[in-house]
2 protein chains.
Amino acid sequence: MFAVEPIACCAPLGSATLTDEEAEGTAALFRALGDPARVRIVNVLATAGGEVCGCELTDLGLSQPTVSHHLKKLYDAGLLEREQRGKWAYYSLKRDAVAKLAAVADLKEACC
Amino acid sequence: MFAVEPIACCAPLGSATLTDEEAEGTAALFRALGDPARVRIVNVLATAGGEVCGCELTDLGLSQPTVSHHLKKLYDAGLLEREQRGKWAYYSLKRDAVAKLAAVADLKEACC
DNA sequence: CCCTCATATCGATGGACGTCAATATATCGA
DNA sequence: TCGATATATTGACGTCCATCGATATGAGGG
């Protein structure tokens, strides 16, 4: 077994392409979908195709405060739109935001 | 530890109703990139284009145990490949895994 | 006005996680 | 064999977070 000599071990990489703010922003975007409850909520909104009343989202086995908590997280992350009509709140996916997420995950420079 | 193969059982956000395992697997994938340090590591690996010695990754302002911790997280999520040569560990991105992550976030196209 | 219902907020709690110092393991070179 | 280096692991600590019950806010209907 021959060993490949690592001649370029500690050569400096190119200049860092991400600032602290960019890294934190990207991480925050992924973190918004880093919980199974929020994945389910986004999945429901994606399959519904349009607006979904928040009152339907308690069917996921979570209490109403918990659902409200997750909806706020997703909304603050910019992934959801919210419209209050009467005493009901209607949520829908911001498709462009999800598309940006996919673009970031694709490691393309096309985002932003 | 489960979710050893979260890539293989990708559950796109736009697919039909998710099972608990699918939601957790998808969330685990996103959670792997839900930390700015790991975003930076993936960014370095992406811009490097190939293998990167782990000894270079301590330049991100983190201690060596912390870098090792994050590398393990990314590796367990299936996003990295690791090869030990001598006393150095060389990491590289699993491009197909990252591509599938992007596909999960893509609402327009089916993933599997 | 009350009552009901949808939603948000507060407070508490338990667990997960990021971080580092110290230590252990392993490899290479002298 | 000994010392230096790269990496992983352990243990501890502080913070963030998911979850819930209780409560507050707000809109309709009677």
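All values below were derived from every heavy atom in this structure, side-chain atoms included, with hydrogens, water molecules and symmetry-related copies excluded. Order of the sequence lines fixes the chain letters, A, B, ..., with proteins taken first and strands second; residue numbering starts at 1 for each chain. Note that the coordinates shown come from a computational prediction; the quantities given were computed from them, not determined experimentally.
For A/Tyr91, the side-chain atoms get nearest to C/dA8 when compared with the rest of C/dA8, C/dT7, C/dC17. Of the candidates D/dT9, D/dA6, C/dA8, D/dT9 carries the atom nearest the B/Lys72 side chain, counting heavy atoms from C-beta on. Comparing C/dT9, D/dA18, C/dG18 by their closest approach to the side chain of A/Asp35 singles out D/dA18. Closest to the side chain of A/His69, from the set C/dT7, D/dA18, C/dT27, is D/dA18. Out of C/dT7, D/dG21, D/dT7, the shortest distance to the side chain of B/Cys53 is found at D/dT7. Checking D/dA27, C/dT19, D/dA6 against the side-chain heavy atoms of A/Lys87 singles out D/dA27 as nearest.
Put simply, CZ on B/Arg85 is 17 Å from C1' on C/dA26, counting in whole angstrom units. Between the P atom of C/dT19 and the CG atom of B/Leu71 lies a distance of 12 Å, rounded to the nearest Å. Rounded to whole angstrom, the span from the CH2 atom of B/Trp88 across to the P atom of D/dA4 amounts to 16 Å. Taking atom CG on B/Leu60 and atom C1' on C/dC20, their separation rounds to 16 Å, with Å as the unit. One interatomic measurement links the two molecules: CZ of B/Phe30 to P of D/dA18, which rounds to 15 Å at whole-angstrom precision. Here the P atom of nucleotide D/dT7 and the CG atom of B/Leu57 are 8 Å apart, to the nearest Å. In this entry the distance linking CZ of A/Arg40 with P of D/dA18 reads 16 Å, nearest Å. The CD-C1' distance, from A/Glu24 to C/dG18, rounds to 12 Å in whole Å.
Look at B/Thr66 and you'll find a side-chain N or O under 4.0 angstrom from OP1 or OP2 of C/dC20. Residue B/Ser68 places at least one side-chain N or O under 4.0 Å from the OP1 or OP2 atom of D/dA8. For C/dG18, the OP1/OP2 oxygens have no side-chain nitrogen or oxygen of B/Arg31 closer than 4.0 Å. Taking side-chain N and O atoms only, B/His70 has a distance below 4.0 Å to OP1 or OP2 of C/dT19. A close approach under 4.0 Å does occur between a side-chain nitrogen or oxygen of A/Arg38 and OP1 or OP2 of D/dA18.
For the pair A/Arg85 and A/Tyr90, the distance from NZ or CZ to the six-membered ring centre is under 6.0 Å and the angle to the ring normal is within 45 degrees.
A salt bridge is defined here as a Lys NZ or Arg NE, NH1 or NH2 lying under 4.0 Å from an Asp or Glu carboxylate O, and A/Arg40 with B/Glu24 fails to meet this definition.
Residue side chain A/Gln64 does not reach the base of C/dA6 through any donor-acceptor N/O pair under 3.5 Å, judged by distance alone.
A heavy-atom distance below 4.5 Å is not found between the side chains of A/Asp106 and B/Leu101.
Look at D/dA27: its Watson-Crick or wobble partner, with both distances under 3.5 angstrom, is C/dT4.
B/Phe30 and B/Tyr75 are not part of a single hydrophobic cluster, where members link through side-chain heavy atoms under 4.5 Å apart.
The line from CZ of B/Arg38 to CG of B/Leu71 is 10.5 Å long, rounded to the nearest 0.5 Å.
Under a 3.5 Å cut-off, the side chain of A/Ser68 and the backbone N or O of A/Gln64 do not form any donor-acceptor pair.
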